[in-house]
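Structure record follows, encoded as structure tokens.
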Amino acid sequence: MTQTAKFYQVGSRAVGNRLLPLDQRTEQANPERRNALTSGHRACQGCGEALAARYVLDAAAHAVGGRLVTVNATGCLEVFSTPYPESAWQLPWLHSVFANAASVASGVAAGLRTTGRGDIRVLAQGGDGGTVDIGFACLSGMFERNDDVLYVCYDNQAYMNTGVQRSGATPGGARTATTEAVGAEPGNLFGIGKDAARIAIAHDIPYVATATVAELHDLEAKVRKAMSIRGARYLHVLVPCPLGWGSATSETVRLARLAQRSGLFPVIEAEGGVVTSALPIRGRVPVEEYLRPQRRYAHLFRGEGRPDLVARVQRLADQNIVRYGLLDEES
Amino acid sequence: MYEQVEGSRAVALAVARCRPKVIAAYPITPQTHIVEALGAMVKAGELAGCEFLTVESEFASMSASLGACAVGARAYTATASQGLLYMAEVLYNVSGLGLPVVLTVANRAIGAPINIWNDQSDSMSQRDCGWVQLYADDNQAAVDLHVVAFRLAESLSLPVMVCVDGFVLTHAIEPIEVPGQEQVDAFLPPFTPRQVLDPDHPVTIGAMVGPEAFTEVRAISHRTLLRAADVFDELTERYAQLTGHRLSAVSPYRAEHARTVLLTIGSVTGTAHELADELAAEGRDVGVVSLTLFRPFPVAALRDALHGAAEVIVLERAFAPGAGGVITPDVRAALTGLPITVRTVIAGLGGRPVTKDSLRTVLDDAAAGRLEDLRFLDLHEDVVDAALAAGGLS
């Protein structure tokens with residue numbers, strides 16, 4: 001007899017696979033999984049990106065029967081996985097330069113179709129710098145042409161590969177090597193930010209989703225859904241970086257979960273330009289609970305602290321909660 | 001069969017007969033007519049199984065070509081000027097990965113000041129990007145070089161750039177014979193990639209290489225590129241047998257007994273030939289040697305063509321600010337040990353016509369011992385002097 005498990009029994013949607021019937025278990029629980037990014041690579045301990053990349057690619061490969069090729073932007077993921085003559089990739093993998101992963105993937109998709117192998121699917125991946133900054137024009141072009149590519153951004157909110165400099169995805173108040181919190185400086189500026197998922201949605205492409213490395217079932221389901229659709233698709237995955245965030249290596253998954261539960265990182269889906277689902281916040285936390293364990297926010301809590309800045313971050317979270325109705329179902 | 005046709009259209013027809021699978025297009029003058037013609041052919045169903053990607057930049061067009069090539073699709077794109085610079089990062093990457101993309105450069109000046117007219121600053125700026133560089137003397141050569149380029153590229157798994165002078169050639173209408181489909185098919189077999197992204201045989205392409213192997217990778221690239229000179233000769237010979245159209249890495253004209261030789265590259269060659277004819281009628285021996293193959297540099301062929309000369313005047317359509325000619329140092333190196341004076345004339349920058357009269361003045365000055373090591377053809381010295389004086393630099 002199979003047991004039915006409640007997804008929120010551990011305070012989130014995470015659930016032990018052992019409690020689920022076989023067909024509901026994650027691809028990561030499948031001993032036959034692709035193991036797209038195999039062990040032995042050189043990512044830091046607790047790397048959220050390494051974890052997410054394997055989750056995403058294993059799920060994608062499974063969804064398309066292994067008929068998958070990948071294109072990678074320059075960045076941590078590329079560097080730690082392919083120091084010549086080694087490679088951690090268990091599937092066909094191509095890296096060109098920093099900014100062009102989306103365009104290379106467009107060419108790969110066209111090349112596969114015109115050589116009679118249109119059944120092989122294309123997944124492009126990069127970090128937030130390669131996606132929302134330097135690679136943004138290529139990404140937007142790939143969206144606008146509706147090229148048959150799933151582009152996955154692993155967002156750790158700064159240029160970690162080069163030593164933690166600010167990117168267009170760095171949140172307000174965060175300290176990076178180029179946004180030091182000196183004196184009254186708040187760390188990174190509070191701008192209006194570059195919300196890549198919303199910009200992707202504005203392209204009216206078939207599918208856009210956000211996810212975190214903490215919600216494996218949710219992440220895998222979104223990858224499966226993305227691979228069931230043809231055309232341009234975008235998946236934005238929040239991946240904590242212990243090095244850049246100044247967090248304990250054991251905290252990666254918990255921080256990703258707190259980002260979602262505080263409302264700072266809304267986990268949503270959109271189809272054809274319309275938001276179709278949002279992962280409700282269960283057990284809402286104040287942003288302070290998410291910020292405090294990260295040294296990149298230490299200046300907000302040192303001495304008398306900066307309650308003004310913490311309040312600004314809280315307002316951003318509150319805005320997200322209103323925008324996507326994140327507390328509508330349950331709180 | 002010869003037809004009156006615009007150079008761009010003829011190049012497009014030649015490319016079409018090479019059966020490309022992916023064509024990436026981004027507009028920039030004076031290259032646009034080429035991709036417009038190819039786009040129309042794809043839309044009309046005349047290029048079966050080919051996709052025409054209208055991308056958002058030259059950086060993307062070269063990136064998409066790279067991606068297509070990496071899965072074994074014959075890929076082509078065209079650009080000019082700023083566009084070539086915008087794809088520069090990917091040009092190096094394509095050659096580093098050994099992907100046989102073919103690119104047309106409709107040669108145009110680089111700004112600032114912005115200038116849409118012809119010179120060769122664009123392709124010359126990418127001299128060291130690891131691509132084979134071929135330069136067309138005329139539109140017949142432009143057509144023939146494209147067919148050879150695909151075969152050359154795929155034989156060695158190297159990218160090839162075919163440089164065609166913007167406007168002067170791309171927009172000129174003249175009688176051209178584009179080889180027939182059967183001839184091209186006989187010359188150019190389907191693309192068999194050296195390495196391909198394939199789920200059944202997963203490979204990692206584009207790994208990070210450190211100090212322990214990077215030099216070796218570069219040395220391999222260099223030797224492969226050098227091989228292209230011999231392969232070009234073999235292929236052009238076979239191409240001539242099939243089509244009757246003769247191409248050569250280095251082409252001497254009236255050069256055998258000439259003491260003074262004009263070394264040309266690109267469309268200025270025709271002007272130089274005419275002048276050489278006129279001078280011959282006057283009893284003056286001036287030879288012309290034109291370069292079709294610039295990278296790899298055809299050292300042996302050039303040395304052979306120039307060994308009898310006393311003076312070589314390199315007519316350059318680009319220049320290296322702060323140094324002088326771009327081609328001249330290579331020519332000097334090729335002629336090492338021979339008693340030949342090498343001078344540089346920078347000509348036709350930003351579309352300024354290179355006339356027979358002006359070249360005649362150069363040759364007269366050379367004969368009278370008045371030609372400097374570096375001269376800008378038809379330079380208005382007064383304008384330059386006045387501007388420098390106004391800036392306190394005279």
Side-chain angles (χ1 to χ4, degrees), chain A residues 34 36 61 64-72 74 78-117 119-122 124 135 137-145 147 149, chain B residues 19-24 26 47-75 77 87 89-90 92-94 96-97 99 101 190-191 193 195-210 212-214 217:
Chain A
R34 167 67 54 142
V64 298
R67 307 293 284 167
L68 186 72
V69 300
T70 53
V71 177
N72 213 122
T74 306
E78 165 262 327
V79 169
F80 75 62
S81 64
T82 65
Y84 175 85
E86 296 156 12
S87 171
W89 298 103
Q90 306 293 305
L91 37 67
W93 183 92
L94 170 65
H95 160 247
S96 174
V97 299
F98 197 5
N100 70 355
S103 300
V104 171
S106 293
V108 166
L112 287 169
R113 279 192 299 272
T114 56
T115 53
R117 291 174 295 156
D119 64 311
I120 299 174
R121 307 297 299 280
V122 186
C138 290
L139 183 67
S140 178
M142 186 274 273
F143 288 164
E144 165 271 317
R145 292 186 301 272
D147 289 333
V149 174
Chain B
R19 303 184 189 276
K21 291 290 189 188
V22 175
I23 298 169
Y26 187 77
L47 259 170
C50 177
E51 285 199 23
F52 187 76
L53 290 182
T54 50
V55 293
E56 73 285 352
S57 72
E58 290 89 354
F59 179 72
S61 71
M62 187 47 64
S63 300
S65 302
L66 182 157
C69 211
V71 290
R74 187 170 286 159
T77 185
M87 61 171 66
E89 185 190 12
V90 195
Y92 278 76
N93 198 251
V94 166
L97 295 177
L99 294 169
V101 174
F191 175 29
Q195 199 176 35
V196 70
L197 292 176
D198 178 0
D200 295 328
H201 306 282
V203 288
T204 291
I205 303 178
M208 187 184 69
V209 175
E212 68 286 354
F214 194 80
V217 172

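First the proteins, then the strands, lettered A, B, ... as listed; each starts at 1. A quick note: this is a predicted structure, and the numbers were derived from the prediction, not measured.
- Here A:V97 is the residue among A:L68, A:V97, A:T115 with the most heavy-atom pairs under 4.5 Å with chain B.
- Taking chain B as the reference chain and counting heavy-atom pairs below 4.5 Å, the highest number among A:E86, A:R117, A:E78 is found for A:R117.
- Contact check on B:K21 versus B:E51 returns no salt bridge, with no Lys/Arg side-chain nitrogen under 4.0 Å from an Asp/Glu carboxylate oxygen.
- The candidate from A:V108, A:L112, A:T82, A:T114 with the greatest count of non-hydrogen atom pairs under 4.5 Å with chain B is A:T114.
- For the residue pair A:T70/A:W89, the side-chain donor-acceptor check at 3.5 Å is not satisfied.
- Counting heavy-atom pairs closer than 4.5 Å to chain B, the top-ranked of the candidates A:A110, A:P83, A:G141 is A:A110.
- The most heavy-atom pairs under 4.5 Å with chain B, out of A:V79, A:N72, A:L94, come from A:L94.
- Across B:A60 and A:C138, no two heavy atoms sit closer than the pair CB-SG, 4.5 Å.
- Note on A:A61, A:S96, A:A137: by heavy-atom pairs under 4.5 Å with chain B, the leading option is A:S96.
- Neither side chain, B:T54 nor A:R145, offers a donor N or O lying under 3.5 Å from an acceptor on the other.
- With a 4.5 Å cut-off on non-hydrogen atoms, B:C50 touches chain A through its backbone but not through its side chain.
- When B:S63, B:A73, B:A64 are compared by the number of non-hydrogen pairs under 4.5 Å with chain A, B:S63 comes out ahead.
- In the model, A:S87 has a side-chain atom that pairs as donor or acceptor with a side-chain atom of B:T204 under 3.5 Å.
- Closest heavy-atom contact between B:S65 and B:A24: OG-CB, 4.0 Å.
- Interface remark: B:L197 contributes backbone and side-chain atoms alike to the contact with chain A (heavy atom separation under 4.5 Å).
- Heavy atoms only, all atoms of each residue included: A:A36 and A:L91 are closest at CB-CD2, 3.8 Å.
- If you measure heavy-atom distances from B:V196 to chain A, the contacts under 4.5 Å come from the side chain alone.
- At a 4.5 Å heavy-atom cutoff, the contact between A:A99 and chain B is made by backbone and side-chain atoms alike.
- Contact of B:V209 with chain A is made through backbone and side chain together, with heavy-atom distances under 4.5 Å.
- Listed here is the closest heavy atom pair of B:G206 and B:L97: CA-CD2, 3.7 Å.
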